[in-house]
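What follows is a single structure, written as structure tokens, with notes after it.
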Amino acid sequence: MNYSKTIDGLSDQAFWDVHFDKLDPKRHNNFIVMKVFDYGNWDDVLSVLGYYGKDRVRKCLINADYLQEHSIDLARWLLDVKPSDFKCFTKKQLHQTS
């Protein structure tokens, strides 16, 4: 299955390290959303939001074990969530050294 045909407008930019054509949008939804927010472009972000919807994307990102700082900032802006809502943000705060 060619994933870009499944999610309109999704490029393979974020998937440089995986076999892009082997991803299943339903089975790999968390992975796809996290990769797009970490490494995709603006059009990719809009594509996953359009495909999965804001609620599913929000849930995926909030429960992610790791996201880059810019991904958290973008998700906060687009999805109206607080930093403390993110599992990865909370874990990061617990592991900071003084």
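Computed from heavy atoms alone, side chains included, the values below leave out hydrogens, waters and symmetry copies. Just so you know, residue 1 is the first one in the sequence shown, and it goes up from there.
- A side-chain contact (heavy atoms from CB on, under 4.5 Å) with Leu49 is found for exactly one of Asp44, Val36, Leu78, namely Leu78.
- Placement of Met34 and Val18 within a single hydrophobic cluster is found when ILVMFWY residues are connected by side-chain heavy-atom separations under 4.5 Å, directly or transitively.
- Atom CZ of Phe15 sits about 5.0 Å away from atom CG of Leu10, to the nearest 0.5 Å.
- Listed here is the closest heavy atom pair of Gly40 and Ala14: N-CB, 3.6 Å.
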Going through the checks in order, is the side-chain contact (heavy atoms from CB on, under 4.5 Å) test met by Val48 and Phe37? CA-CA 9 Å; Val48 296; Phe37 268 74; 4.1 Å; yes
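- Heavy atoms only, all atoms of each residue included: Ile72 and Cys88 are closest at CD1-SG, 3.8 Å.
- Checked for salt-bridge contact, Asp17 and Lys35 meet the test: a charged N lies under 4.0 Å from a carboxylate O.
- In this structure Asp73 satisfies the salt bridge (charged side-chain N to carboxylate O under 4.0 Å, His left out) test together with Arg76, sequence neighbours excluded.
- Remark: Asp65 CG to Lys87 NZ distance equals 4.0 Å, nearest 0.5 Å.
- With sequence neighbours excluded, no residue forms a salt bridge (charged side-chain N to carboxylate O under 4.0 Å, His left out) with Arg56.
- Not a single donor-acceptor pair under 3.5 Å links the side chain of Asn63 to the backbone N or O of Cys60.
- By the side chain to side chain contact (heavy atoms under 4.5 Å, CB included) test, His70 pairs with Gln68, sequence neighbours left out.
- Relative orientation of the Trp16 and Tyr39 rings is perpendicular, given thresholds of 30° and 60° on the angle between their planes.
- Although no hydrogens or angles enter the test, the distance criterion places a donor-acceptor pair under 3.5 Å between the side chain of Tyr52 and the main chain of Pro25.
- Listed by chain and residue number, nothing satisfies the salt bridge (charged side-chain N to carboxylate O under 4.0 Å, His left out) test with Asp80 (two or more places apart in sequence, or in another chain).
- Considering all non-hydrogen atoms of both residues, Leu61 and Leu67 come closest at O-CD1, 3.6 Å.
- His28 approaches Lys22 most closely through the heavy-atom pair CE1-O, 4.0 Å.
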Kindly indicate, with the supporting measurements, whether the criterion side-chain contact (heavy atoms from CB on, under 4.5 Å) is fulfilled by Trp42 and Leu74. CA-CA 10 Å; Trp42 178 245; Leu74 179 59; 3.9 Å; yes
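- Scored by the side chain to side chain donor-acceptor pair (under 3.5 Å) test, Asp38 finds Ser71 as partners (sequence neighbours excluded).
- Contacts of Gln13 classified as side chain to side chain donor-acceptor pair (under 3.5 Å), with partners at least two apart in sequence or in another chain: Asn41.
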